[in-house]
Amino acid sequence: MSLQFSVIPKECCHFISATYSPKSFLISLRKHTCNSCNEKEIWICLHCLHIGCSRYCNGHAQKHSLKRGHPVVFNVQSMNFWCYECNSYVINNSLNVLFQLALEDHTSNFKFYQPLFETYDVKGVAKYIQKNHVKNIIALVGAGMSTTAGIPDFRSPGTGLYFNLQKYNLPYPEAVFDMNYFPSNPAPFYEVMKDMFPGQGKYFPTKCHRFLKLLNDKGILKMVYTQNIDGLESVAGIPNDKVICSHGTFRTSHCLSCHKKYPDTSVFIESIKKGEIIRCSCGGLVKPDIVFFNESLPDEFFESIKNKFDDCDMLLIIGTALVVYPFANLVDHVSINCPRVCINREKVGKMMCYDNLGRDVALLGGCDDIASDLAKYLEWELS
Ligand code: CNA
């Protein structure tokens, strides 16, 4: 139904030029809810500036597009353009003009933000937690949190999984996890799965996983939204009801042909360890329920994001390139005054502001080191 991963935008021919003034466009950027319901994840129709919610909510933007024949929409939070005709993220020169307008508007708004932190560093974040009695932290985490456990991420140059897929001669690296490619050549995926399948006793939680567990022990962890499929949050002891496996799980599987459900993928453990293709009794391919390109995210993700962010008083963004949608949009689900702390090797998030003025702070470096430093400044024992 929907795309999980962001892909390189296509050149689109369905939006030629805007018929409204730049001012009207800028006014529409200020809208916070759908014209038809109260949903906050919204898209602006670039043909008439109608505001509709995303396909993950009630799909009002798509309904509008079909009814009016207006294919191209813009997401203010992620700054992405989507075309329902192309069925893809898109770009072209006219869209670039709108992008620049939105970006300038966004940047100028940051001038009015009050500084939230005394200092924009680890010490400042620790101080903020203590001084403001932070008690509902939500963490958005990605593959970078598990690299020190020995699991490669996707995109790190040299060590990332994509870099090392060359031997499979794939048409593009993401093909290994793409529903449109997998049935025609499933072998590379099962080869990759051999290493990644959790519970083989190969990988252990990192210091950063343990830091999240510590936040939970201190009673101030509200939720962890993970893009990871390694299950290390649970191994670290973070309660399952506080972890949303946004990109699915290896735990369960199903047959792509007869749709038989396999509630425990480890029944195939011997084949998995050898990197063999797993087949159902009907001969169909058995695919673990991790989310591939061109698959929808699990229902529990959409259910959970409806109300969990309302009282979040600090967002931690850890070890993610923040380029996979709709996950990356979660940074905008918190209130406008909620501090957003990015713990990563580099700055991520197109719309985050790291100019030491507002609510965003980037703590750059290895996430284990930063977790240790945070614990130190909070005077907590991190094992
Ligand atoms: P990504 O695109 O590979 O980005 C990882 C980010 O983490 C990059 O910005 C890195 O610079 C950064 N990073 C890497 N190591 C560290 C470190 N030690 N300290 C601080 N920063 C670090 O991965 P994303 O999570 O953004 O992409 C989402 C994909 C990756 C999800 O769909 C996952 O399923 C998928 N994935 C998961 C795993 C896993 O489960 N461990 C491994 C590989 C890929």
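Worth knowing before you read on, the calculation uses all heavy atoms, side chains too, and leaves out hydrogens, waters and symmetry mates. Ligands are counted one by one from 1 in listed order, and the atoms in each one are counted from 1 as well.
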So for ligand 1, is [X] a polar contact partner (N or O within less than 3.5 Å, distance only)?
| X | value |
| --- | --- |
| Pro152 | no |
| Cys367 | yes |
| Thr148 | no |
| Phe154 | yes |
| Gly366 | no |
| Ala143 | yes |

*So is Lys287 actually on top of Phe182's ring, under 6.0 Å and inside 45° of the axis?*
no
*Is a side-chain donor-acceptor pair under 3.5 Å present for Asp121 with Thr119?*
yes
*Polar contact flag, side-chain donor to acceptor under 3.5 angstrom, Thr252-Asp289*: yes
*Are Tyr225 and Phe309 an aromatic pair by the rule of ring centers under 6.0 Å?*
yes
*asked:* If you take the centroid of each ring, where Trp contributes its six-membered ring, are Phe74 and Phe15 closer together than 6.0 Å?
replied: no
*Applying a 4.0 Å heavy-atom criterion (strictly less than), which segment of Ile151 is in contact with ligand 1: side chain, backbone, both, or neither?*
side chain
*Relative to ligand 1, is Ile229 under 4.0 angstrom through side chain, backbone, both or neither, heavy atoms considered?*
both
Using residues 373-383 as the side-chain source, report each donor-acceptor pair under 3.5 Å to any protein atom, sequence neighbours left out, with the distance given to one decimal.
| from | atom 1 | to | atom 2 | distance (Å) |
| --- | --- | --- | --- | --- |
| Trp380 | NE1 | Leu378 | O | 3.4 |

*For atom 20 (C) of ligand 1, which candidate among Gly319, Gly365, Gly248, Ser146 provides the closest heavy atom?*
Gly365
*Which is closest to atom 31 (C) of ligand 1 by heavy-atom distance: Glu233, Lys207, Met145, His247?*
His247
_Min heavy-atom dist Leu161 to ligand 1 below 4.0 Å_ = no
*Are Cys208 and ligand 1 in contact, using a heavy-atom cut-off of under 4.0 Å?*
no
*Please could you name the atoms of ligand 1 that Glu346 approaches to less than 4.0 Å, counting only its heavy atoms?*
8 (C), 9 (O), 10 (C), 11 (O)
*Taking only heavy atoms of Gly142, which atoms of ligand 1 are found under 4.0 Å from at least one of them?*
25 (O)
Could you list the donor-acceptor pairs under 3.5 angstrom formed by side chains in residues 212-220, with sequence neighbours left out?
| from | atom 1 | to | atom 2 | distance (Å) |
| --- | --- | --- | --- | --- |
| Lys213 | NZ | Asp217 | OD1 | 3.0 |
| Lys213 | NZ | Asp217 | OD2 | 3.1 |
| Asn216 | OD1 | Lys242 | NZ | 2.8 |

*Kindly check if the number of other-residue, nucleotide or ligand heavy atoms within 6.0 Å of CG (Asp241) is above 12?*
yes
*In plain terms, say whether Lys40 and Asp332 are close enough for a salt bridge, that is, a side-chain N and a carboxylate O under 4.0 Å apart.*
no
